[in-house]
Amino acid sequence: MDYEHKAKEVADCLLSYKRDESGWKVCKKSNDVIVSWRPSSEFPGNVYKGEGIISGSPEKVWECLKPAPNGLRVKWDNNVKKFELLEQITEDISICRTVTPSAAMGIIAPRDFVDVILVKQYEDGTISSNATNVSHPGCPPQSGYVRGFNHPCGCICVPISGEPNKTQVFSFFQTDLGGFLPRSVVDSFFPSSMTEFYSNLTKSVKSLKDL
């Protein structure tokens with residue numbers, strides 16, 4: 001499998017989601033984030049977009065968000081129980097396994113996901129993580145976990161001109177949770193979990209010492 005090509009396609013895909021304002025319907029708002037959705041063109045589900053301003057420099061926000069096995073993400077993100085590096089493809093591209101805990105009061109069983117992840121930096125200081133599902137010989141489906149599939153997803157941290165201690169954060173989730181979940185459970189899970197994601201990210205950034 002051409003992991004590098006697949007990862008680069010995801011980065012282009014996420015940028016197109018960010019630029020294309022058409023068709024998004026707002027489904028949840030909080031002080032931290034506006035969550036909207038539209039039908040996915042990747043699978044028979046929805047793509048969800050989160051958009052919010054986080055009080056903290058892009059460096060601090062990225063420190064909390066970056067996909068690293070021993071990173072901060074596992075500590076503050078309630079939907080990431082474990083994060084394992086399966087293979088480092090290049091300096092910026094890796095294959096990782098993410099384990100999620102049970103959710104929605106136990107209706108959603110623990111899941112695991114295997115993704116290629118590209119970390120990309122842009123000239124304007126924007127930094128992004130870009131992920132999508134892949135198969136990897138080192139990680140076949142395992143008992144005790146339902147194998148889910150992430151379609152192009154990730155986070156984009158954008159510096160705000162004249163506001164060095166604020167960061168605009170876009171997040172995109174489009175996940176096939178696998179198993180046999182009622183559509184209503186899935187449709188209510190993502191907007192609320194994304195609201196919690198921004199709330200917990202805000203707290204995590206605030207708790208960091210100055211970088």
Side-chain angles (χ1 to χ4, degrees), residues 14 26-37 45-56 60-86 94 96-115 117 119 127-133 139 142 144-157 167-179 181-209:
L14 292 197
V26 173
C27 55
K28 207 164 178 77
K29 279 185 180 183
S30 74
N31 293 336
D32 301 304
V33 64
I34 296 171
V35 180
S36 45
W37 69 277
N46 298 328
V47 52
Y48 292 91
K49 172 173 73 169
E51 193 176 340
I53 307 287
I54 304 289
S55 292
K60 270 190 176 183
V61 173
W62 179 250
E63 188 61 30
C64 294
L65 278 176
K66 69 182 178 186
N70 298 311
L72 295 174
R73 181 82 175 257
V74 178
K75 296 184 174 73
W76 65 264
D77 188 341
N78 292 343
N79 288 314
V80 179
K81 190 175 182 182
K82 198 169 165 189
F83 193 78
E84 300 170 353
L85 176 67
L86 298 173
S94 56
C96 295
R97 173 178 181 249
T98 306
V99 175
T100 63
S102 66
M105 298 188 297
I107 298 171
I108 302 175
R111 295 305 197 252
D112 73 345
F113 302 85
V114 176
D115 299 293
I117 303 176
V119 172
I127 185 163
S128 65
S129 62
N130 309 270
T132 194
N133 74 85
C139 195
Q142 299 181 26
Y145 299 96
V146 176
R147 177 60 54 93
F149 300 95
N150 285 318
H151 296 278
C153 62
C155 296
I156 304 175
C157 299
T167 305
Q168 187 174 28
V169 177
F170 292 89
S171 62
F172 298 96
F173 291 88
Q174 54 179 338
T175 301
D176 178 354
L177 288 169
L181 291 169
R183 184 65 184 266
S184 59
V185 170
V186 176
D187 289 348
S188 63
F189 171 71
F190 280 102
S192 53
S193 78
M194 287 173 70
T195 307
E196 185 183 49
F197 173 90
Y198 275 81
S199 169
N200 289 342
L201 173 59
T202 298
K203 289 175 197 159
S204 180
V205 171
K206 203 172 176 181
S207 72
L208 274 187
K209 300 274 190 289

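In this text, all values refer to a predicted model and were calculated from it rather than measured experimentally.
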Any side-chain heavy atom of [X] sitting closer than 4.5 Å to one from [Y]?
| X | Y | value |
| --- | --- | --- |
| Thr100 | Lys81 | no |
| Cys155 | Trp62 | no |
| Phe83 | Pro67 | yes |
| Leu177 | Val185 | no |
| Phe189 | Ile107 | no |
| Pro110 | Ser102 | yes |
| Leu14 | Ser128 | no |
| Pro152 | Gln174 | yes |

Rounded distance [0.5 Å steps], [atom1] in [X] versus [atom2] in [Y]:
| X | Y | atom1 | atom2 | value |
| --- | --- | --- | --- | --- |
| Asn79 | Glu196 | CG | CD | 6.5 Å |
| Asp32 | Met194 | CG | CE | 12.5 Å |
| Lys66 | Ser129 | NZ | OG | 12.0 Å |
| Asn130 | Asp115 | CG | CG | 11.5 Å |
| Phe113 | Arg97 | CZ | CZ | 11.0 Å |

Item to complete: Verify the distance criterion only: is there a donor paired with an acceptor across the side chains of Asp112 and Gln142 at less than 3.5 Å?
Response: no
Main-chain N/O of [Y] paired to [X] side chain as donor or acceptor, under 3.5 Å:
| X | Y | value |
| --- | --- | --- |
| Arg183 | Leu181 | no |
| Tyr198 | Val169 | yes |
| Ser199 | Thr195 | no |
| Arg73 | Leu65 | yes |

Worksheet item: What is the ring orientation for Phe190 with Phe173, classed by angle as parallel under 30°, tilted 30 to 60°, or perpendicular over 60°?
Response: tilted
